[in-house]
Amino acid sequence: MAGSDTAAPAVPAPDAVKILIAGGFGVGKTTMVGSVSEIAPLRTEEPLTAAGLDVDDLDGIEEKQATTVALDFGRITIGDDLVLYLFGTPGQQRFWFMWNDLALGALGAVVLVDVRRPRTSFAAIDFFERRGIPFVVGVNGFHGEHPYPPEEIREALSLPADVPVLLCDARERASCRDVLIALVDRRIAAAGRLP
């Protein structure tokens, strides 16, 4: 019948899942979000200036030119029914007050670690442990180097056995994808243990 009012069936919107990419200053959070996102990532980077020399610890990352001052944002569509929204946290201590807001509603987090500067990771690990937010650890191999196996890193960071520790390269999409899959797998396994 011409001019019928029959509408096409509504397609349900995909489930949206929020994941944080966290860690200390200069560990590769912006790089990870950018390498794995299917869209051009939103970045809030600003150049490092002389004013921050007394505040920002550039030991081991002297080549760093810019820093995230609010957040990074990216998206990955897993299928018709699932989309991951990635929120990269700022790494400098003076911006940590934003982490509480960014963590609201998060499924979990990836804590990126730079083994050249492991002390920069402790605050992020503590943040998620205190709030009961599940996380995995991605050990970002700068210059493609991974001098320590995951179990040594687990011990150095005092991580429980159930927290996955994965070697990764924040510049490589497949490597970042594998870290995100480990987080989703951890959440699925935890859901299977619920009564």
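The first residue of the sequence shown is numbered 1, and numbering continues consecutively from there.
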For this session: Could you check Val136, Ile125, Ile153 and say which one makes a side-chain contact (heavy atoms from CB on, under 4.5 Å) with Leu159?
Result: Ile125
For this session: Check step by step if side chain to side chain contact (heavy atoms under 4.5 Å, CB included) holds for Phe87 and Tyr85.
Result: CA-CA 7 Å; Phe87 290 80; Tyr85 291 114; 3.8 Å; yes
Problem set entry | Gap separating the CD1 atom of Ile19 from the CG atom of Leu84, nearest 0.5 angstrom | 4.5 Å
Exercise. Does Ser175 use its side chain to pair, donor to acceptor, with the backbone of Glu172 at less than 3.5 Å?
Worked result: no
Problem set entry | Leu104 with Trp99, same ILVMFWY side-chain cluster at under 4.5 Å | no
Seminar exercise, completed: One should read off an interatomic distance between Thr120 OG1 and Leu112 CG, to the nearest 0.5 angstrom, of 10.0 Å
Problem set entry | Minimal non-hydrogen separation, Pro90 against Leu102, with atom names | CD-CD1, 4.1 Å
For this session: Test Phe135 against Val163 for side chain to side chain contact (heavy atoms under 4.5 Å, CB included), laying out the working first.
Result: CA-CA 7 Å; Phe135 65 96; Val163 175; 3.7 Å; yes
For this session: May I ask you to check if Arg131 and Phe128 form a cation-pi contact, with NZ or CZ under 6.0 angstrom from the six-membered ring centre and within 45° of the axis?
Result: no
Exercise. So which heavy atom on Glu129 is nearest to which on Pro160, and how close?
Worked result: OE2-CD, 4.1 Å
For this session: Flag yes if more than 12 heavy atoms outside Phe73 fall under 6.0 Å of its CZ atom; otherwise flag no.
Result: yes
For this session: Measure from the side-chain N and O atoms of His146 to the backbone N and O of Asp169, and report whether any donor-acceptor pair falls under 3.5 Å.
Result: no
Exercise. Looking at Pro41 and Gly34, what are the two nearest heavy atoms and their distance?
Worked result: CG-CA, 3.7 Å
For this session: Any chance you could measure Ser35, atom OG, to Arg177, atom CZ, to the nearest 0.5 Å?
Result: 11.0 Å
For this session: Without swapping roles, check the side chain of Ser121 against the backbone of Val113 for a donor-acceptor pair under 3.5 Å.
Result: no
Exercise. With distance as the sole test, does Arg173 use its side chain to make a donor-acceptor pair with the main-chain N or O of Val36 at under 3.5 Å?
Worked result: yes
For this session: Could you tell me whether a side-chain N or O of Asn140 sits under 3.5 Å from a main-chain N or O of Phe142, the two making a donor and an acceptor?
Result: no
Problem set entry | Identified side-chain contact (heavy atoms from CB on, under 4.5 Å) partner of Val137 from the options Val165, Leu166, Val179 | Val165
For this session: Supply the atom-to-atom distance Ile78 CD1 to Ile181 CD1, rounded to the nearest 0.5 angstrom.
Result: 7.0 Å
Exercise. Of the non-hydrogen atoms in Pro118 and Val115, which two are nearest, and what is the gap between them?
Worked result: CD-O, 3.3 Å
For this session: Taking all non-hydrogen atoms of both residues into account, name the closest pair between Thr89 and Lys29 and its distance.
Result: O-CE, 2.9 Å
For this session: State whether the side chain of Thr77 and the backbone N or O of Gly79 hold a donor-acceptor pair below 3.5 Å, judged by distance alone.
Result: no
For this session: Working to the nearest 0.5 Å, report the span between CG of Leu107 and CG of Leu183.
Result: 6.0 Å
For this session: Assess whether side chain to side chain contact (heavy atoms under 4.5 Å, CB included) is satisfied between Glu152 and Glu155, documenting all intermediate values.
Result: CA-CA 5 Å; Glu152 283 186 32; Glu155 186 176 333; 5.7 Å; no
Problem set entry | side chain to side chain contact (heavy atoms under 4.5 Å, CB included) between Asp72 and Leu42, worked out | CA-CA 5 Å; Asp72 300 308; Leu42 167 71; over 6 Å; no
Problem set entry | Expected output: side-chain Thr31 to main-chain Ala170 donor-acceptor under 3.5 Å | no
Problem set entry | Nearest-0.5 Å distance, CG of residue Leu20 to CG of residue Leu86 | 9.5 Å
Problem set entry | pair Val139-Cys168: side-chain heavy atoms closer than 4.5 Å | no
Problem set entry | Nearest heavy atoms of Met32 and Cys176, plus distance in Å | CG-SG, 3.5 Å
Problem set entry | Leu180 and Val184, any side-chain heavy atoms less than 4.5 Å apart | no
